[in-house]
Amino acid sequence: MPLAAPDVVRLFTVGSSYDCSQRMTATVTALPGAPLALPSGKVAACDPFIGLGDDLDPFTAEVDPGTYPIVLSVVEIARGEVREVVDERVAAAWLQVSDKPTVEWTLALSDGQAPDDLDDTEFFGYGVDAGTGCFVDATAGAPLGDLLAEDYELLEAALFGEENSMVRAPAVLTDPKSGHSLVAFSSGWGDGHYPTWVGRSIDGTITGFVTEFFVVPQPGRDPVDE
């Protein structure tokens, strides 16, 4: 079996608390959001500093073209019994597509990927080398990639425009020529390899996509998997 899906509802409920290693506790404290335009409905996720371009692969699960909210699960990390806050991180990012109840979360796949190819606890995901993830329409990969190739500081300014805004709020970057945009956010503890999950309702409707950053433990998983 591939890696088990997280408890998304708990991840995005303010006040949810997790016992972590080394006497640390993580508590969901904020759910900041920003809108993402998906003109083609072809959803992609990547590290925007290294993953954008003509070869950006969308997930096979497509949605109706439109604009959808992206919400971050921000957790405070506290130490010891006195709960001294020592850090703040983005635990997950949720592209919310439908209000229908989600009955199942499965790995979001791109062409050529199959769950049967995965061993226990393995997953498909995207690599992060700049501490940042994003959701974006796949057709925006080339123009936004060209924009950042000319001036990557545009995205840095959007991420760090306010003190610690990279954690406390998602950043929207728009290409002034094409009008394409992306929504970027801090990737948990930083660089790594992270899965995205697609949710579906009882009738098969896609309800959303969640990228998880392994900041908090999840039921049924060995900690070494995270």
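- A search for side-chain contact (heavy atoms from CB on, under 4.5 Å) contacts involving Pro69 returns Gln96, not counting sequence neighbours.
- At a threshold of 4.5 Å between non-hydrogen side-chain atoms, the residues Phe209 and Trp94 do not count as touching.
- No side-chain heavy atom of Tyr194 sits less than 4.5 Å from a side-chain heavy atom of Glu212.
- Here the closest non-hydrogen pair linking Val210 and Ala92 is CG1-CB, 4.1 Å.
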Start with the C-alpha distance between Val28 and Val74, add both sets of side-chain angles, then the distance that settles side chain to side chain contact (heavy atoms under 4.5 Å, CB included), and finish with yes or no. CA-CA 6 Å; Val28 180; Val74 177; over 6 Å; no

Check the pair Val172 / Leu182 against side chain to side chain contact (heavy atoms under 4.5 Å, CB included), numbers first and verdict last. CA-CA 6 Å; Val172 180; Leu182 62 78; over 6 Å; no

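- For Asp87, the side chain to side chain donor-acceptor pair (under 3.5 Å) partners are Arg89, not counting sequence neighbours.
- In this structure, Ser98 OG and Asp64 CG are separated by 10.0 Å, a value rounded to the nearest 0.5 Å.
- Rounded to the nearest 0.5 angstrom, Glu150 CD and Tyr152 OH are separated by 14.5 Å.
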Checking Leu95 against Val71 for the side chain to side chain contact (heavy atoms under 4.5 Å, CB included) test, could you report, in this order, the C-alpha distance in whole Å, the side-chain angles of both residues, the deciding distance, and whether it holds? CA-CA 7 Å; Leu95 169 57; Val71 177; over 6 Å; no

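- Side-chain atoms of Thr174 and His180, non-hydrogen and from C-beta on, never get closer than 4.5 Å to each other.
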Expected list for residues 36-62: side-chain donor-acceptor pairs under 3.5 angstrom, two or more places apart:
from  : atom 1 : to     : atom 2 : distance (Å)
Ser40 : OG     : Lys42  : N      : 3.1
Ser40 : OG     : Asp137 : OD1    : 2.7
Ser40 : OG     : Asp137 : OD2    : 2.9
Asp47 : OD1    : Phe49  : N      : 2.9
Asp47 : OD2    : Asp129 : N      : 2.8
Asp47 : OD2    : Ala130 : N      : 2.9
Thr60 : OG1    : Leu109 : O      : 3.2

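- In this structure Ser178 satisfies the side chain to side chain donor-acceptor pair (under 3.5 Å) test together with Asp175, sequence neighbours excluded.
- With hydrogens and angles left out, the side-chain atoms of Thr196 and Thr211 include a donor and acceptor closer than 3.5 Å.
- By the 4.5 Å heavy-atom criterion applied to side chains, Thr132 and Ser186 are not counted as neighbours.
- Side chains of Val14 and Leu31 form a contact here, defined as non-hydrogen atoms less than 4.5 Å apart.
- When all heavy atoms of Leu155 and Ala184 are compared, the pair lying nearest together is CD1-CB, 4.1 Å.
- Counting heavy atoms from C-beta outward, Leu3 and Phe214 have side chains that approach closer than 4.5 Å.
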All N/O donor-acceptor pairs, side-chain side in residues 15-27, below 3.5 Å, sequence neighbours left out:
from  : atom 1 : to    : atom 2 : distance (Å)
Ser16 : OG     : Arg10 : O      : 2.9
Ser16 : OG     : Thr13 : O      : 3.0
Ser17 : OG     : Thr27 : OG1    : 3.4
Tyr18 : OH     : Leu11 : N      : 3.4

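- No hydrogens or angles considered: a donor-acceptor pair under 3.5 Å links the side chains of Thr207 and Thr102.
- In this structure, the separation between CG on Asp151 and CD on Glu156 is 9.0 Å, given to the nearest 0.5 Å.
- Across all non-hydrogen atoms, the minimal contact from Ala108 to Gln113 is O-OE1, 4.2 Å.
- Here the side chains of Val198 and Ile206 are in contact, with some heavy-atom distance below 4.5 Å.
- A pairwise comparison of heavy atoms in Trp105 and Ala5 identifies O-CB, 3.6 Å as the closest pair.
- Nearest heavy-atom pair across Ala169 and Pro32 is CA-CB, 4.0 Å.
- Pairs engaging residues 186-207 under the salt bridge (Lys or Arg N to Asp or Glu O under 4.0 Å) rule: Lys100-Asp203 [sequence neighbours left out].
- Going from atom CD1 of Ile77 over to atom CZ of Arg79 covers 12.0 Å, rounded to the nearest 0.5 Å.
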Apply side chain to side chain contact (heavy atoms under 4.5 Å, CB included) to Phe185 and Phe213, showing your working. CA-CA 11 Å; Phe185 31 80; Phe213 296 118; 3.7 Å; yes

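- Between Leu107 and Leu118 the shortest side-chain heavy-atom distance falls below 4.5 Å.
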